Engineer: 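This structure is in structure tokens; I'll ask about it shortly.
Here is how names work: the chains are called A, B, and so on, in the same order as the sequence lines, proteins then strands, and each is numbered from 1. Computed from a predicted structure; not experimentally measured.
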There are 2 protein chains.
Amino acid sequence: MIRIEPSWDFYRTFLTVLQQGSLSAAARELGLTQPTIGRHIDALETSIGFQLFIRSPQGLIPTEAATDLRPHAEQLASNAAALLRAASGQGGGVRGTVRISASEVIGIEVLPPILSALSDQHPDLIIELSLSDAVENLLHQEADIAVRMVEPEQDALITRRIGGIPLGLHAHRRYLDKHGIPEKLEDLLDHRTIGFDRESAFVRAIRKRVPLIELMRPSFRADSNLAQLAAIRAGFGIGVCQVALAKRDPEIVRLFKTEFTLPLETFVVMHENLKTTPRCRVTFDALVEGLLAYLGK
Amino acid sequence: MIRIEPSWDFYRTFLTVLQQGSLSAAARELGLTQPTIGRHIDALETSIGFQLFIRSPQGLIPTEAATDLRPHAEQLASNAAALLRAASGQGGGVRGTVRISASEVIGIEVLPPILSALSDQHPDLIIELSLSDAVENLLHQEADIAVRMVEPEQDALITRRIGGIPLGLHAHRRYLDKHGIPEKLEDLLDHRTIGFDRESAFVRAIRKRVPLIELMRPSFRADSNLAQLAAIRAGFGIGVCQVALAKRDPEIVRLFKTEFTLPLETFVVMHENLKTTPRCRVTFDALVEGLLAYLGK
DNA sequence: TCCTAATCATCTATTTTTGTATATCAGATA
DNA sequence: TATCTGATATACAAAAATAGATGATTAGGA
């Protein structure tokens with residue numbers, strides 16, 4: 001039974017201990033001392049009435065109860081960070097921190113010049129870029145704005161459709177010189193191809209489009225699209241990547257230009273709450289404009 | 001510029017001051033003293049670098065900045081409460097607090113017997129009932145389970161469709177004795193009717209079904225369906241309410257049984273995270289079963 | 001086997017936070 | 001006008017939280 005509400009700071013301490021694995025490490029992380037962290041955990045355990053950690057000389061091992069509470073504590077941390085970001089943007093004008101979530105490929109290959117120009121225009125704007133393909137992080141307020149490849153169905157979000165980024169099959173000229181150029185799609189079965197590690201919505205979309213993919217046995221697998229792109233650039237074999245990115249390297253050749261093309265629908269998404277805050281508004285617009293330009297629109 | 005992260009407790013204090021409107025009232029609310037609350041606000045203002053309140057002898061007036069931060073602070077409070085509820089349910093078995101959100105009518109007229117039976121079966125279960133028609137409170141974790149009249153489109157939610165609760169036009173016999181029984185739908189225009197205060201999705205659904213409603217000039221308006229039900233029971237006039245509720249009072253007569261009937265789709269909804277926690281599982285099942293029984297299924 | 005490095009627990013001095021009491025101000029009321 | 005009630009601000013003492021130092025325990029490596 002919980003008698004009095006614990007200090008919210010205890011939640012922060014609790015999460016940090018979970019993340020760091022020991023009182024000492026959490027103390028270093030938070031700029032406090034180990035006895036203080038220990039007292040916080042003790043107080044929290046007393047307050048909620050059960051044990052959160054098993055102490056050991058190697059650190060603290062979370063109990064099942066602690067693991068159950070972890071997502072709540074993480075959300076609390078996200079919200080606290082969101083509040084601070086909101087606070088940093090106060091005072092009118094474009095200033096403060098804006099946190100953008102995007103896929104690895106987009107974040108590394110496409111966004112930097114867009115964000116760089118934005119930053120030049122608004123020197124007081126601090127840009128954080130979080131690279132992840134998880135769709136949910138807008139709802140958890142881990143980011144203010146997201147570039148997504150699936151249309152979100154959430155009402156509280158403002159969504160702007162950018163269009164389909166064309167994907168194509170590509171290989172490095174070095175690879176083709178050595179292994180020959182496939183003439184028909186079926187020839188791909190005899191080539192070294194680059195594929196996905198795990199099943200995902202994106203992979204299913206490709207399969208649907210080109211059932212042949214099903215039969216292929218990739219000789220290189222990676223979940224990270226970035227790693228796949230690197231593999232194509234390194235001449236490892238034939239893989240799927242954005243046409244615009246491939247064009248940057250004159251040594252990379254597009255294959256089956258007519259037979260295989262796949263538009264990757266792209267959206268810029270923002271919390272409705274943030275539409276009036278200048279820094280988010282400006283960043284949202286810059287992303288939309290920059291991505292449209294990237295698509296040649 | 002924010003230099004060091006403020007204590008999370010300051011956020012709680014900040015929100016309480018916003019809610020209560022003065023340092024003194026917030027101090028009473030939190031069980032602290034007015035100087036302490038004042039120091040918390042001072043420290044938070046120093047930390048984030050701008051003023052949150054204008055002090056006055058009548059209390060504290062929030063600045064625009066404070067108003068902007070308010071939703072974040074509220075979400076923080078919801079999450080902290082959700083964490084505590086999760087904590088209260090630890091230890092296996094059906095125990096702890098479960099928070100249910102439902103519309104006023106459902107919560108007052110339909111749920112009590114269901115929840116009462118549930119409570120008898122599980123003495124360690126503490127039930128909180130939050131009456132509101134806002135759809136979003138599941139996402140904000142203000143409730144664990146919700147009874148909703150619109151199907152949520154959110155992926156992270158578990159939804160169970162109950163079916164359509166039939167609505168009908170009703171009036172008290174006392175009213176009909178005095179004003180006569182309308183023969184045709186058009187006759188309603190000459191009667192005292194009970195209508196809605198504001199536009200809502202529910203109202204639009206009714207309008208679509210029975211365009212005649214558009215023409216009616218209700219002599220009693222209330223947003224609260226509960227107030228409308230009370231008005232029908234008091235013999236004020238003719239209004240819309242659940243058929244099953246009207247039947248409980250033999251003095252209430254249903255009108256235009258064939259011409260006017262409207263099923264109110266009903267869903268029980270729960271966060272996916274909570275499906276393994278016994279108290280939520282059990283409550284969810286009890287609500288589904290109870291509501292199906294209420295519908296005669 | 002012994003040494004090192006990491007951990008948590010405990011005790012005490014110090015710093016920080018909080019509470020108490022009081023002063024001050026603005027508005028409502030007789 | 002005098003008074004009462006609510007509010008914030010300030011000074012100082014009390015309480016609480018914190019840091020620092022030390023000891024005990026364990027794992028891993030020479």
Side-chain angles (χ1 to χ4, degrees), chain A residues 2-48 50-67 69-70 73 76 80, chain B residues 2-67 69-70 73 80:
Chain A
I2 292 143
R3 308 195 180 283
I4 58 152
E5 193 188 352
S7 162
W8 286 8
D9 283 335
F10 294 169
Y11 300 142
R12 172 166 57 181
T13 304
F14 165 66
L15 178 61
T16 310
V17 172
L18 272 175
Q19 289 168 337
Q20 302 292 326
S22 80
L23 298 182
S24 315
R28 286 191 291 271
E29 177 75 18
L30 289 173
L32 298 170
T33 57
Q34 169 256 322
T36 299
I37 303 297
R39 276 186 294 261
H40 282 188
I41 298 298
D42 287 345
L44 188 56
E45 286 179 335
T46 308
S47 184
I48 61 182
F50 53 88
Q51 209 176 358
L52 290 168
F53 295 96
I54 299 160
R55 275 77 165 167
S56 87
Q58 285 71 49
L60 269 71
I61 300 147
T63 62
E64 197 178 341
T67 311
L69 295 185
R70 179 170 188 155
L76 216 39
Chain B
I2 292 142
R3 307 195 180 283
I4 58 153
E5 194 187 352
S7 162
W8 287 9
D9 283 336
F10 293 168
Y11 300 143
R12 171 166 56 184
T13 305
F14 165 65
L15 178 60
T16 311
V17 172
L18 270 176
Q19 289 167 337
Q20 302 292 324
S22 80
L23 298 182
S24 315
R28 287 191 292 272
E29 177 76 17
L30 289 173
L32 298 170
T33 58
Q34 170 257 321
T36 299
I37 303 296
R39 280 186 289 253
H40 281 187
I41 299 296
D42 287 345
L44 187 57
E45 286 178 335
T46 308
S47 184
I48 61 182
F50 52 89
Q51 209 176 359
L52 290 169
F53 296 96
I54 299 161
R55 274 78 166 168
S56 88
Q58 285 74 45
L60 269 71
I61 301 146
T63 61
E64 197 178 340
T67 312
L69 295 184
R70 180 170 187 156

Engineer: Quick check for you: to the nearest 0.5 Å, what is the distance between A/S22 atom OG and A/Q34 atom CD?
Structural biologist: 9.0 Å
Engineer: Measure from CD1 on A/I41 to P on C/dT7 and round the result to the nearest Å.
Structural biologist: 15 Å
Engineer: Measure the CD1-CZ distance between B/I41 and B/F10 for me, rounded to the nearest 0.5 Å.
Structural biologist: 9.0 Å
Engineer: Rounded to whole angstroms, how far apart are NE2 on A/H40 and C1' on C/dT17?
Structural biologist: 12 Å
Engineer: OP1, OP2 of D/dT8 versus side-chain N and O of B/S24: anything below 4.0 Å?
Structural biologist: yes
Engineer: Output the rounded distance in Å from CD1 (A/I37) to P (D/dA19).
Structural biologist: 8 Å
Engineer: Over how many whole Å does the gap from B/D42 atom CG to C/dT17 atom P extend?
Structural biologist: 12 Å
Engineer: Just call it for A/G38: base, sugar-phosphate, or nothing, with non-hydrogen atoms closer than 4.0 Å on any strand.
Structural biologist: nothing
Engineer: Quick one: are A/L76 and B/W8 in side-chain contact, heavy atoms under 4.5 Å?
Structural biologist: yes
Engineer: Identify whether the distance between the nearest side-chain nitrogen and carboxylate oxygen of B/E45 and B/R55 falls below 4.0 Å.
Structural biologist: yes
Engineer: Report the residue (B/A25 or A/P35) whose heavy-atom-nearest nucleotide on DNA chain D is the more 5′ of the two.
Structural biologist: B/A25
Engineer: A/T36 side chain N/O closer than 4.0 Å to the phosphate oxygens (OP1, OP2) of D/dA17?
Structural biologist: no
Engineer: Round to the nearest Å and state the distance from A/L32 atom CG to D/dT18 atom P.
Structural biologist: 7 Å
Engineer: Send over the distance from A/L60 CG to D/dT26 C1', rounded to a whole Å.
Structural biologist: 15 Å
Engineer: Would you please say whether a donor-acceptor pair under 3.5 Å links the side chains of A/T16 and A/T13?
Structural biologist: no
Engineer: Check this one for me: any side-chain N or O of A/R28 less than 4.0 Å away from OP1 or OP2 of C/dT7?
Structural biologist: yes
Engineer: For the pair made of CZ in A/R55 and P in D/dT26, what is the distance, rounded to whole Å?
Structural biologist: 16 Å
Engineer: From the options D/dA19, C/dT7, D/dT8, select the nucleotide whose nearest atom is closest to the side chain of A/R39.
Structural biologist: D/dA19
Engineer: Rounding to an integer number of Å, can you tell me how far B/I61 CD1 sits from D/dG6 P?
Structural biologist: 19 Å
Engineer: Assess whether one donor atom and one acceptor atom, taken from the side chain of B/Q34 and the base of D/dA9, lie less than 3.5 Å apart.
Structural biologist: yes
Engineer: Consider the side chain of A/Q58, meaning its heavy atoms from C-beta on, and name the nucleotide among C/dT7, D/dT26, C/dC25 that approaches it most closely.
Structural biologist: D/dT26
Engineer: Under 4.0 Å, heavy atoms only, any strand: does A/S22 hit a base, just the sugar-phosphate, or nothing?
Structural biologist: sugar-phosphate
